[in-house]
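These values consider heavy atoms only, across backbone and side chains, with no hydrogens, waters or symmetry-generated copies. Because the structure is predicted, anything quoted here is derived from the model rather than measured. First the proteins, then the strands, lettered A, B, ... as listed; each starts at 1.
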Amino acid sequence: MSENSIGRGHHIHLIDGSGFIFRAYHALPPLTRKSDGLPVGAVSGFCNMLYKMVEDQKGSDAPTHLVVVFDAKGKTFRSDIYPEYKANRPPAPEDLVPQFPLTRDATRAFGLAQIEKTGFEADDIIATLAVQARDAGARVTIVSSDKDLMQLVGDGVEMYDAMKNKRIGREQVEEKFGVGPERVIDVQSLAGDSVDNVPGAPGIGIKTAALLINDYGDLDSLLSRAEEIKQPKRRQTLIEKADQIRISRDLVTLKQDTPLEFDFSDYEVKAPDADTVLKFLTEMEFRTMSARIASKLGVDAPAIPDAPSAVVAAGAMPDVPFDPDKYECVRDLGALKSWVDKIYARGYVAFDTETTGLNEMVVDLVGICLSVEPGEACYIPLTHKDGEGDLFGGDNLAEGQIPLEQALEILRPVLQDPSIMKIGQNIKYDTKIMARYDVAIAPVDDTMLLSYAQHGGLHNHGMDALAERYLDHKPISIKTLLGTGKSAITFDRVPIVDAVKYAAEDADITLRLWQKFKPQLHAAGVTQVYETLERPLIPVLANMEMNGIKVDRDHLSRMSNNFAQKMAGLETEIHELAGQEFNVGSPKQLGEILFDKLELPGGKKGKTGAYSTGVDILEDLAAEGNDLPARVLDWRQMSKLKSTYTDALQTHINPDTGRVHTSYVISGASTGRLASTDPNLQNIPVRSDAGRQIREAFVADAGNVLLSLDYSQIELRILAHIAEIDALKQAFYEGQDIHALTASQMFDVPIEGMDPMIRRQAKAINFGVIYGISGFGLARNLRIPRKEAQSFIDTYFERFPGIRTYMDKTVEFAKQHKYVETLFGRKIHTANIDAKGPQAGFSKRAAINAPIQGTAADVIRRAMVRMPAAIAHLPAKMLLQVHDELIFEVPKEAVAETTEVVRGVMENACEPVVKLDVPLVVDAGTGANWAEAH
DNA sequence: AGAGTCACG
DNA sequence: GACGTACGTGACTCTG
């Protein structure tokens, strides 16, 4: 950074952008954009204030330099000093959230510089810039009325309250604090701040604080001479709370050395570009302002149609056709730099990586695609290979590519710049790839998740499906480039000219989808869902996936051998019983043996004409004393465990890390649950003894243990809350055995000394209710006559009438709205709810289940999003999520503290948005392996 | 590619 | 009165 670009004779305005936003929001009535209902009241106020600043400050007072400073998202270093800092701030109002990025756009449109920095408040940046500019000899005006900034006043630094049109100098600061600017920190440390949760000294306000500071000179003298204070209570407070006061001082002291990359020359004031500013105002549909500014700039005011604006709905542009020939191939530094300039001018970029495969932990980066405007995209080839390769790799790099490191050096700043939005389709993938090249991509938007939040339950959210459905365009298939099967090649072997068309198109599509989806978020009522439950999960899951979990290969290998031997024995036995050899793994052949050859009863053919040979059927046959199906059941269990777990899991061990790295799919399940793939670590066996041994292969690193915490009965608790079942709520409050209580209510038996069979039946009913119970289903599950099952259900509804009401109301809601909702506002669409015939039952049960399963999914998502900050001070790592369970790897000595912290986050995950009528309870376990921990 | 089966919550 | 059925996933194997 260069301090010489500002100095004597210069005047810099440091505008508190976040302050502007909140004042504009609270001062103005809610205003929405006519064409689509996007809330824009705060943006409008913000623009007015910005413009007024620029206009009013002409003449001798006019700034030569100006920069708008914003608060970045997320926690700041002050939370590390004092976790409660600003902790009881409510989240920003729903209709303000989408306006934050728009105010950045507005600043850019007005041709003004802006800055923000993750981990620091706008006030810290202002302090840092103010001090540097002042020290260089420039005059500084801080445009804000925030009292927290008053400590900076003096020596050529003034403040200006843009709303009251009032300058704030030394005199006004003394008026407010009773001391000069240099003692403001001392007074604030004592007085504290209830809004920001700065504790200060209890019972001492600004008046008393000023009195004390004036008497003793400064805070340190006051604290060291506290014994001299006459008033006993005040004396005691200052002695006892000295530490708290010092922490408060750390909190209120603005950081004057915030690490920033900037150059004052970037902040030189220049006239706004008429086209740019009017384009923005037109998009926002600010008629009055655009007319006023147009006349000031001496151009014609643009027409803003009254009717729903196609300009806005399509994202400012009429549909541009897809044209692969328009895509640019970036092959030299100059071209790359001009793309970076384009991105800065825009403020956002669609971003996509091309790699040699699909496993983010292993594959190499091949190229990068960018797009900032529909129809305009580029591909930057980086590591394409020359020719087809040979036995020895044939690893010559193709000609005409920017060296990887050089390209990354140029791209890294913009990809990490907090003011530049990076847009991806499943950007968790690209985040993980780039993390391996030391690029920490942030902030991000994800078109897959934007779609998931708005269209969950309607369709999947892959790029191909979204492009066809929403852009009426079928993307080039990757298979046309790579081929299929054995002859398939990797992307680095694709000729660059062909790669450009495919790869750049992905970025183009992503950008178009974003322009379509992002403005619809609010109208769809899922801004909060996207902002709190979807997007923040991206970095959390990326980290968990990169952590991976250690797996004991030898343990698995021994089990595989063991299974193989037993299977061989069983196979011989089965063939003998059948009287012939056949493939035990073939359901078709097995069915023919059982029901045609041996003529056993119960042969039912499915729609394909094959006999059904599922567990239920085989178990029935085995129960009647048939050995063959019993042996087949044993064989099947071993075959399953061997192929899916003990064999396959070994192939997933990453050679570099020695660990298994799953991938979570955020938008996989319609209810909001995650899905785990490659490998699926959410279905590792636990129910059978043989299966549980597989969990023993999941181990902690030396000196560590695995720590597992799971929600106890979370879905039943949520059901008790949603359906308002008082008896269940009370039982959960009293910590009773919920299934025993259900049984006692249903069958009028005491809980003490209850027959386990009765409890088992009640448990099955409880689960059945969550799934949208039916007599048939319960009968099959419990293996009792259908009549009996139906009478259980009738009794259940009698004893807990709220359940029936909930089920009816939910189906009714689904029919009316075509979606159902979780407690946190996640919408799950129920397109088939009006279906006739067999479909009807399915859809109703799914609709009944979705709010329960979905709310539970939301709860653990909230816990996961908060977890990294909560455990940042601990050596613990979060590794896995299994729907209601989180697994951590923790050094032994930190287990107790980690358990306490994690349990707190999980049990309070609903706060402050939802207050459950039942407590959430989390059970914990630890051990050297997952079997012990669970 | 789809069906069948079975592992999990 | 008859449909057919527990809710939500992913991986593996066989088969056409």
- Counting any heavy atom closer than 4.0 Å, what does A:S774 reach on the DNA or RNA strands: base, sugar-phosphate only, or nothing? base
- Task: Starting at atom CD1 of A:I765, determine the distance to atom C1' of C:dA6, rounded to an integer number of angstrom.
- Result: 13 Å
- Item | Electrostatic pair A:D689-A:R692, nearest N-O below 4.0 angstrom | yes
- Okay, side chain of A:E545, backbone of A:Y664: is any donor-acceptor separation there less than 3.5 Å? yes
- Pick the C1' atom in B:dC8 and in C:dC3, then give their distance to the nearest Å. 31 Å
- Message: Would you say A:R687 places a side-chain N or O within less than 4.0 Å of OP1 or OP2 belonging to B:dC8?
- Response: yes
- Per atom distances to the A:R786 side chain, the nearest of B:dT5, C:dT5, B:dG9 is C:dT5
- Item | Any A:S688 side-chain nitrogen or oxygen under 4.0 Å from OP1 or OP2 of B:dA7 | no
- Query: Would you call A:K428 and A:D446 a salt bridge, taking side-chain N to carboxylate O under 4.0 Å as the test?
  - Reply: no
- Query: What's the closest nucleotide to the A:F842 side chain, out of C:dC7, B:dG9, B:dA7?
  - Reply: C:dC7
- Do the side chains of A:R673 and A:Q682 get nearer than 4.5 Å, heavy atoms only? no
- Item | Candidate nucleotides B:dA7, C:dT15, C:dA6, ranked by approach to the side chain of A:K588 - the nearest | C:dT15
- Task: Using only heavy-atom distances, decide whether a donor-acceptor pair under 3.5 angstrom links the side-chain of A:R845 to the base of C:dG8.
- Result: no
- Counting heavy atoms from C-beta on, name the nucleotide in C:dC12, B:dC6, B:dG9 closest to the side chain of A:K640. B:dC6
- Message: Just N and O in the side chain of A:Q589: are any of them under 4.0 Å from OP1 or OP2 of C:dT15?
- Response: yes
- Task: Taking the six-membered ring of A:Y819 (Phe, Tyr or Trp), confirm whether the NZ or CZ of A:K827 is under 6.0 Å from its centre and within 45° of its axis.
- Result: yes
- Return no unless some side-chain N or O of A:S676 is found under 4.0 Å from OP1 or OP2 of C:dT9. no
- Query: What is the distance from NZ of A:K844 to C1' of C:dG8, rounded to the nearest Å?
  - Reply: 20 Å
- Query: Within the modelled atom types, does a donor on one side and an acceptor on the other bring the side chain of A:R636 and the base of C:dT13 under 3.5 Å apart?
  - Reply: no
- Message: I want to verify a distance call: between C:dG16, B:dA7, C:dG8, whose nearest atom is closest to the A:N849 side chain?
- Response: C:dG8
- Answer with base, sugar-phosphate or nothing: what part of the nucleic acid does A:G614 contact at a heavy-atom distance below 4.0 Å? sugar-phosphate
- Note on the structure: Out of B:dG9, B:dA7, C:dA11, minimum distance to the side chain of A:H934 belongs to B:dG9
- Note on the structure: Side-chain atoms of A:F776 come closest, of B:dC6, C:dT5, B:dT5, to C:dT5
- Query: Rounded to the nearest Å, what distance is computed from the CZ atom of residue A:R695 to the C1' atom of nucleotide B:dG9?
  - Reply: 10 Å
- Can you tell which of C:dG8, B:dA7, C:dT5 lies closest to the side chain of A:Q853? C:dG8
- Message: Over all strands shown, is A:I684 touching base, sugar-phosphate only, or nothing at heavy-atom distances under 4.0 angstrom?
- Response: sugar-phosphate
- For atom NE2 of A:H883 and atom P of C:dT9, their distance in whole Å: 10 Å
- Side-chain touch A:M559/A:I694, heavy atoms, less than 4.5 angstrom: yes
- Message: Heavy atoms only, 4.0 Å cut-off, all strands: where does A:Q637 land among base, sugar-phosphate and nothing?
- Response: sugar-phosphate
- Query: Between A:S670 and C:dT9, does any side-chain N or O lie under 4.0 Å from OP1 or OP2?
  - Reply: yes
- Message: Determine whether a donor-acceptor pair (N or O, by modelled atom type, separation under 3.5 Å) exists between the side chain of A:H555 and the backbone of A:Q693.
- Response: yes
- A:A648 near the nucleic acid: base, sugar-phosphate alone, or nothing, with a heavy-atom cut-off under 4.0 Å? sugar-phosphate
- Mate of C:dC3 where both pairing distances stay under 3.5 Å, Watson-Crick or G-U: none
- Query: What interatomic distance, in whole Å, is found between P of B:dC6 and the corresponding atom of C:dA2?
  - Reply: 31 Å
- Task: Would you mind classifying the nucleic acid contact of A:D710 as base, sugar-phosphate or nothing, using non-hydrogen atoms under 4.0 angstrom?
- Result: nothing
- Which part of the nucleic acid does A:N781 contact within heavy-atom distance under 4.0 Å: base, sugar-phosphate only, or nothing? base
- Whole angstrom value for the distance that separates C1' of C:dC7 from CZ of A:R673: 8 Å
- With a 4.0 Å cut-off on heavy atoms, is A:G841 in touch with a base, just the backbone sugar-phosphate, or nothing at all? nothing
- Message: Under 4.0 Å, heavy atoms only, any strand: does A:A764 hit a base, just the sugar-phosphate, or nothing?
- Response: base
- Message: Please check this pair: side chain of A:Y452 against backbone of A:G672, looking for a donor-acceptor N/O pair closer than 3.5 Å.
- Response: yes
- Message: Could you tell me how far apart A:R783 (CZ) and C:dA6 (C1') are, to the nearest whole angstrom?
- Response: 14 Å
- Can you figure out which of C:dG8, C:dA6, C:dG10 approaches the side chain of A:L778 most closely? C:dA6
- Item | Rounded interatomic separation in angstrom, taking CG from A:N683 and P from B:dC8 | 8 Å
- Query: With a non-hydrogen cut-off below 4.0 angstrom, is A:V686 in contact with a base, only sugar-phosphate, or nothing?
  - Reply: sugar-phosphate
- Message: Students often get this wrong, so: under 4.0 angstrom with heavy atoms, is A:T613 touching a base, only sugar-phosphate, or nothing?
- Response: sugar-phosphate
- CD1 of A:I666 versus C1' of C:dT9: gap in Å, rounded? 16 Å
